[in-house]
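Reviewing the structure listed below.
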Amino acid sequence: MNKPKILVARAVFPETLARLQQHFDVEANQADEPWSAARLTDKLKGKVGALTTGSDRIDDTVLAACPSLRICANMAVGYNNFDINAMTARGVLATNAPDVLTETTADFGFALLMATARRMTESEHFLRAGHWTTWRYDMFAGVDVHGTTLGILGMGRIGQGIAKRGAHGFGMKVIYHNRSRLEPALEAECAARYVGKEELLRHADHLVLVLPYSAASHHSIGAAELARMKPTATLINIARGGIVDDAALALALRERRIAAAGLDVFEGEPRVHPDLLTVPNVVLTPHIASATIPTRLAMANLAADNLIGFLTQKKPLTPLNIEVLATK
Ligand code: GLV
């Protein structure tokens, strides 16, 4: 019997590919060639499933050209690369990869916060450039992390992981804002207090963004919000590009209206706003918050298991648009 045909749109671990090959006729992209939208669409034609990443856009134009497609399994917890409404309308299941990356991503959020507050990359560049000739009382003096107020915008699983690290590891006072307030038991576990967005902006010494991207969260942090923050505050974005207005942030950093920023995600990435590349008080990383080998393997395998579960037994592990399952 012919195996169902699937596409793996980007390079993945060989063991993930081997797992998929037991069940499917797999077209892979182990060379990790950057495919245009048209090329991706061509590759998806005749496939019933696809393993995608956050950089593979699946919208109605793609779906219309690929009527055999039944599932796209994202190797990411975020899924703003999917037009979920279009997928649901065309009966295509979407799955993501939650939970397996929570702690690793929270670790990274905290690392970026620390690096930003303590000016680690800026001082490393100074040292590597051979400028270190003497001790000076204020050389690369930053801001404290321990005992300060940690603000979190978006209090899902990753936000909660960051709150626990701050409260229990660094004695921070934690405040958060979210679409909905956490259950009291969860708030107590995170030692976090719910506040309005205004209070969050005004009181946070370190503001970490961990909310999903949507039209509603576009530019949640722009010039007006930055103006409300403390001049000594740091801003950390490990959520998605587009949640921050990067041009407004670069200007605020240049004018020292906030102390510093740490950014793992960018509007229009992998392009980075040129002004961010020239301000010194920002730590920049290339969207690597979930990047440890065990976590990336777990994400790839969860995406693979979603394809296997759905296409062989109609039982995906982490479906998003569950209404599609009722009609399949
Ligand atoms: C990474 O950004 C993810 O959404 O998993």
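These numbers come from the heavy atoms of this one structure, side chains and all, not from hydrogens, waters or symmetry mates. In each ligand, atom 1 is the first atom listed, and ligand 1 is the first ligand listed.
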Legend entry - Residue part near ligand 1, for Leu101, under 4.0 Å between non-hydrogen atoms: side chain
Inset, instruction - Show your reasoning for whether salt bridge (Lys or Arg N to Asp or Glu O under 4.0 Å) applies to Asp205 and Lys173. - result: CA-CA 10 Å; Asp205 292 307; Lys173 183 171 138 190; over 6 Å; no
Inset, instruction - With heavy atoms of His287 as the reference, note each atom of ligand 1 found under 4.0 Å away. - result: 1 (C), 2 (O)
Inset, instruction - Answer yes or no: does an N/O atom from Val77 fall short of 3.5 Å to an N/O atom of ligand 1? - result: yes
Legend entry - ligand 1 to Met299 polar contact by distance, N or O atoms, under 3.5 Å: no
In a table with atom names and distances, give each donor-acceptor pair under 3.5 Å that connects a side chain of residues 152-163 to protein atoms at least two apart or in another chain.
from: Arg157; atom 1: NH1; to: Asp99; atom 2: OD1; distance (Å): 2.9
from: Gln160; atom 1: NE2; to: Met155; atom 2: O; distance (Å): 3.2
from: Gln160; atom 1: NE2; to: Gly156; atom 2: O; distance (Å): 3.4

Inset, instruction - State the atoms of ligand 1, each with its element, that fall below the 4.0 Å cut-off from a heavy-atom position in Arg240. - result: 1 (C), 2 (O), 3 (C), 4 (O)
Inset, instruction - May I ask you to test the Met120-Phe140 pair for a side-chain heavy-atom distance under 4.5 Å? - result: no
Inset, instruction - Measure the shortest side-chain to side-chain distance between Arg193 and Glu187 over non-hydrogen atoms and say whether it is less than 4.5 angstrom. - result: no
Legend entry - Min N/O separation Ser290 to ligand 1 under 3.5 Å: no
Inset, instruction - Would you mind telling me which of Lys3, Gln21, Arg19 makes a side-chain contact (heavy atoms from CB on, under 4.5 Å) with Val26? - result: Gln21
